Amino acid sequence: MLDAKHFRDGIEETAVQLARRGFELDVNTLKALEVQRKELQVRTESLQSERNARSKEIGQAVGRGEDTAPLKAQVGALGDQLDAAKAELQQVQASLQDIISGVPNLPAAEVPEGLDEEQNVEVSRFGEPPVFDFTPKDHVEIGEALNNGLDFDTARKITGARFAVMKGGVARLHRALTQFMLDLHTEQHGYLETYVPVIVNHASLQGTGQLPKFGEDLFHVEGESQDKVALSLIPTAEVPLTNFVRDEIIDEEQLPMKLTAHSACFRSEAGSHGRDTRGLIRQHQFDKVELVQMVKPEDSMAALEELTGHAEQVLQQLGLPYRKVLLCTGDMGFSATKTYDLEVWLPAQNTYREISSCSNMGDFQARRMQGRFRRKGAKKPELLHTLNGSGLAVGRTLVAILENYQQADGSVVVPEALRPYMAGVERISQG
RNA sequence: GGUGAGGUGGCCGAGAGGCUGAAGGCGCUCCCCUGCUAAGGGAGUAUAGAGUUUAUAGCUCUAUCGAGGGUUCGAAUCCCUCCCUCACCGCCA
């Protein structure tokens with residue numbers, strides 16, 4: 001959510017900035033509602049104030065033993081006016097809220113303008129795509145051929161499309177990856193390891209921006225009763241982790257707050273029928289190690305570089321070729337001011353595919369969730385800046401390893417960094 | 001799931017229809033006093049929103065005592081619903 005100031009003073013400027021990312025702000029409607037809001041709020045509050053004062057007078061009159069019936073009648077009439085004004089105000093505020101909660105974050109100045117991923121800007125590359133003296137297979141072919149590897153047929157039977165079963169060496173490799181990532185981030189990068197719920201309430205989803213706009217991307221849990229709070233499966237551990245600071249005021253000394261968690265993530269993938277249907281690339285359920293930081297506003301852009309670097313470390317230590325891309329305005333997520341994607345090389349697709357997305361959300365999420373901090377000696381708390389990134393998507397990392405480390409005989413070499421987590425196993429073989 | 005007790009400011013804890021944004025204490029901040037230490041005295045100490053304003057300074061107003069609804073001229077206080085916490089029992093990994 002943007003600061004309400006953006007919609008009062010300088011709304012035109014806000015509209016211009018939003019237009020950069022292809023969002024059209026309804027300036028006229030907002031202006032009209034704002035005029036109404038102001039008038040109604042002033043009226044409501046002054047009525048309220050008058051009623052409070054009159055009621056106090058009644059109390060004093062009672063104390064003196066006077067007859068209060070005429071006074072009461074007067075104040076009663078006041079109350080009716082107040083109720084009417086309140087109802088009107090509420091309506092206007094709801095309309096405003098509707099519009100405002102659907103407005104995306106403002107892109108940072110240095111974010112290139114563009115409509116879609118075509119206009120993203122490559123920032124850097126690491127590693128060389130491996131050269132094979134045979135035709136490289138894709139991860140599905142490799143994984144299914146391995147002794148106890150990937151098994152999509154069984155997953156289809158027990159659940160349905162876009163789910164996977166992993167077995168044997170592949171399942172272990174998958175587990176090794178999460179262990180490796182968590183150890184790296186906690187031991188080398190200073191993150192606190194956490195374990196978090198994968199089912200969250202809607203206040204949390206509002207806080208990070210998945211709701212109200214993107215409910216169809218989520219799996220929703222049926223509540224036990226109609227009055228229970230609505231719950232959904234998390235699409236990313238960003239949701240529980242960032243909501244650590246919802247409705248909190250953090251001491252300055254505790255910043256930056258750096259959290260990591262391994263979790264399953266669930267996405268309904270509504271609207272992506274037919275895209276990446278083969279293999280592990282686009283699943284309804286996948287594992288991810290998430291990085292989240294809560295920092296002071298002046299530190300957030302540096303923190304984005306740092307956090308992205310932490311995700312890059314995983315790829316580098318695994319020896320996976322990748323490139324770093326600065327997303328253009330049109331390709332950024334709803335809540336982001338600036339986003340880097342890390343794209344790993346996939347030989348079978350002969351291209352780079354997203355494996356991590358690292359974003360600075362500025363104060364956008366913090367404002368929604370009232371996540372604040374207080375500077376030493378300062379009276380007023382300030383909004384935090386929040387950042388998050390995948391460090392990394394485990395399933396896609398597995399894909400990258402299967403494809404980049406595949407051998408002519410169909411076996412897959414285990415990257416050295418993972419061997420301590422695999423009891424020294426150097427290679428996963430067929431048969 | 002059952003029974004019982006509760007949810008009040010950073011924390012503890014009073015209040016049981018009006019003078020309570022909320023006593024008292026602890027903590028914290030500033031000031032004074034005191035060779036050091038210990039102790040003492042005084043002042044201050046929630047958040048959000050709106051209006052005014054060059055101002056994130058002041059001033060004025062509104063809201064908030066778990067949440068939502070209701071009764072009332074007026075609710076922390078009365079009524080209803082829900083949520084949560086604690087204790088014991090049942091069940092379970």
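A, B, ... follow the sequence lines: proteins, then strands. Residue 1 opens every chain. Computed from a prediction, not measured in an experiment: that's the story for all the values here.
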Checklist entry - Where do A:L146 and A:V170 land on the side chain to side chain contact (heavy atoms under 4.5 Å, CB included) test, with the steps shown first? => result CA-CA 8 Å; A:L146 289 171; A:V170 172; 3.7 Å; yes
ask   = Would A:E306 and A:K258 satisfy salt bridge (charged side-chain N to carboxylate O under 4.0 Å, His left out), going step by step from the backbone distance to the final call?
value = CA-CA 11 Å; A:E306 184 200 88; A:K258 296 162 75 173; 3.3 Å; yes
Review point. Is the ring centre of A:H262 less than 6.0 Å from the ring centre of A:H185?
Key: no
When A:I249 and A:A73 are each assigned the nearest nucleotide of RNA chain B, the 5'-most assignment goes to A:I249
Per nearest nucleotide of RNA chain B, the residue lying toward the 5' end, A:P381 or A:V75, is A:P381
Q.
Testing the 3.5 Å rule here: is there a donor-acceptor pair between the side chains of A:N201 and A:S204?
A. yes
- Query: Any luck finding a side-chain donor-acceptor pair between A:E45 and A:Q41 under 3.5 Å?
  - Reply: yes
What's the [atom1]-[atom2] distance between [X] and [N], to the nearest Å?
{"X": "A:Q81", "N": "B:rC73", "atom1": "CD", "atom2": "P", "value": "16 Å"}
{"X": "A:M1", "N": "B:rA48", "atom1": "CE", "atom2": "C1'", "value": "12 Å"}
{"X": "A:R367", "N": "B:rA48", "atom1": "CZ", "atom2": "C1'", "value": "14 Å"}
{"X": "A:L47", "N": "B:rA63", "atom1": "CG", "atom2": "C1'", "value": "15 Å"}
{"X": "A:D9", "N": "B:rU54", "atom1": "CG", "atom2": "P", "value": "12 Å"}
{"X": "A:Q93", "N": "B:rA50", "atom1": "CD", "atom2": "P", "value": "9 Å"}
{"X": "A:M369", "N": "B:rA48", "atom1": "CE", "atom2": "C1'", "value": "17 Å"}
{"X": "A:L71", "N": "B:rU72", "atom1": "CG", "atom2": "C1'", "value": "15 Å"}

Write down the distance separating the [atom1] atoms in [N] and [M], rounded off to the nearest Å.
{"N": "B:rG42", "M": "B:rC78", "atom1": "P", "answer": "36 Å"}
{"N": "B:rG49", "M": "B:rG21", "atom1": "C1'", "answer": "16 Å"}
{"N": "B:rC84", "M": "B:rC73", "atom1": "P", "answer": "35 Å"}
{"N": "B:rA55", "M": "B:rG51", "atom1": "C1'", "answer": "15 Å"}
{"N": "B:rC11", "M": "B:rU53", "atom1": "C1'", "answer": "37 Å"}
{"N": "B:rU64", "M": "B:rA22", "atom1": "C1'", "answer": "12 Å"}
{"N": "B:rC83", "M": "B:rG69", "atom1": "C1'", "answer": "14 Å"}
{"N": "B:rA76", "M": "B:rG68", "atom1": "C1'", "answer": "16 Å"}

Exercise. Quick one: do A:L177 and A:M181 satisfy side chain to side chain contact (heavy atoms under 4.5 Å, CB included)? Show the steps, please.
Key: CA-CA 6 Å; A:L177 277 169; A:M181 291 179 200; 4.3 Å; yes
Return the [atom1] to [atom2] distance between [X] and [Y], rounded to the nearest 0.5 Å.
{"X": "A:I281", "Y": "A:F286", "atom1": "CD1", "atom2": "CZ", "result": "11.5 Å"}
{"X": "A:H174", "Y": "A:L418", "atom1": "NE2", "atom2": "CG", "result": "12.0 Å"}
{"X": "A:N404", "Y": "A:T397", "atom1": "CG", "atom2": "OG1", "result": "11.0 Å"}
{"X": "A:L383", "Y": "A:Q365", "atom1": "CG", "atom2": "CD", "result": "12.0 Å"}
{"X": "A:L392", "Y": "A:E354", "atom1": "CG", "atom2": "CD", "result": "11.0 Å"}
{"X": "A:I428", "Y": "A:S411", "atom1": "CD1", "atom2": "OG", "result": "9.5 Å"}

Please confirm whether the backbone N or O of [Y] pairs with a side-chain atom of [X], one donor and one acceptor, at under 3.5 Å?
{"X": "A:R54", "Y": "A:L71", "value": "no"}
{"X": "A:T242", "Y": "A:V239", "value": "no"}
{"X": "A:R162", "Y": "A:R282", "value": "yes"}

Under 3.5 Å, which N/O atoms of the protein pair with N/O atoms of nucleotides 15-21 of chain B?
residue : atom : partner : partner atom : Å
B:rG18  : N2   : A:S55   : O            : 2.7

> Reckon A:R374 has a side-chain N or O less than 4.0 Å from the OP1 or OP2 of B:rA46?
Replying inline: no
Does A:R8 place a side-chain N or O at less than 4.0 Å from the phosphate oxygens OP1/OP2 of B:rA50?
yes
* Asked: With under 30° as parallel and over 60° as perpendicular, where do the rings of A:Y191 and A:H189 fit, or are they tilted in between?
  -> perpendicular
Given the options A:T208, A:V196, A:L192, A:L241 meets side chain to side chain contact (heavy atoms under 4.5 Å, CB included) only with A:V196
Shorter than 3.5 Å, N or O on both sides, protein versus nucleotides 55-61 of chain B: list them out with atom names.
residue : atom : partner : partner atom : Å
B:rC61  : O3'  : A:S49   : OG           : 3.2

Sorted by chain and number, sequence neighbours left out, side-chain hydrogen bond (donor to acceptor under 3.5 Å, both in side chains) with A:T154 holds for A:D151
Residues in residues 25-40 of chain A with a heavy atom under 4.0 Å of RNA chain B, by number, are A:R37, A:K38
Which pairs, protein N/O on one side and nucleotides 65-70 of chain B N/O on the other, fall under 3.5 Å?
none

Next item on the list: Determine the contact category for A:R372: base if any of its heavy atoms lies under 4.0 Å from a base atom, sugar-phosphate if only primed atoms, P, OP1 or OP2 are that close, otherwise nothing.
Entry: sugar-phosphate
Taking pairs as Watson-Crick (N1-N3 plus N6-O4 or O6-N4) or G-U wobble (N1-O2 and O6-N3), each distance under 3.5 Å, the stems of three or more consecutive pairs with RNA chain B are B:1-7 with B:83-89, B:10-12 with B:24-26, B:27-32 with B:40-45, B:46-52 with B:58-64, B:66-70 with B:78-82
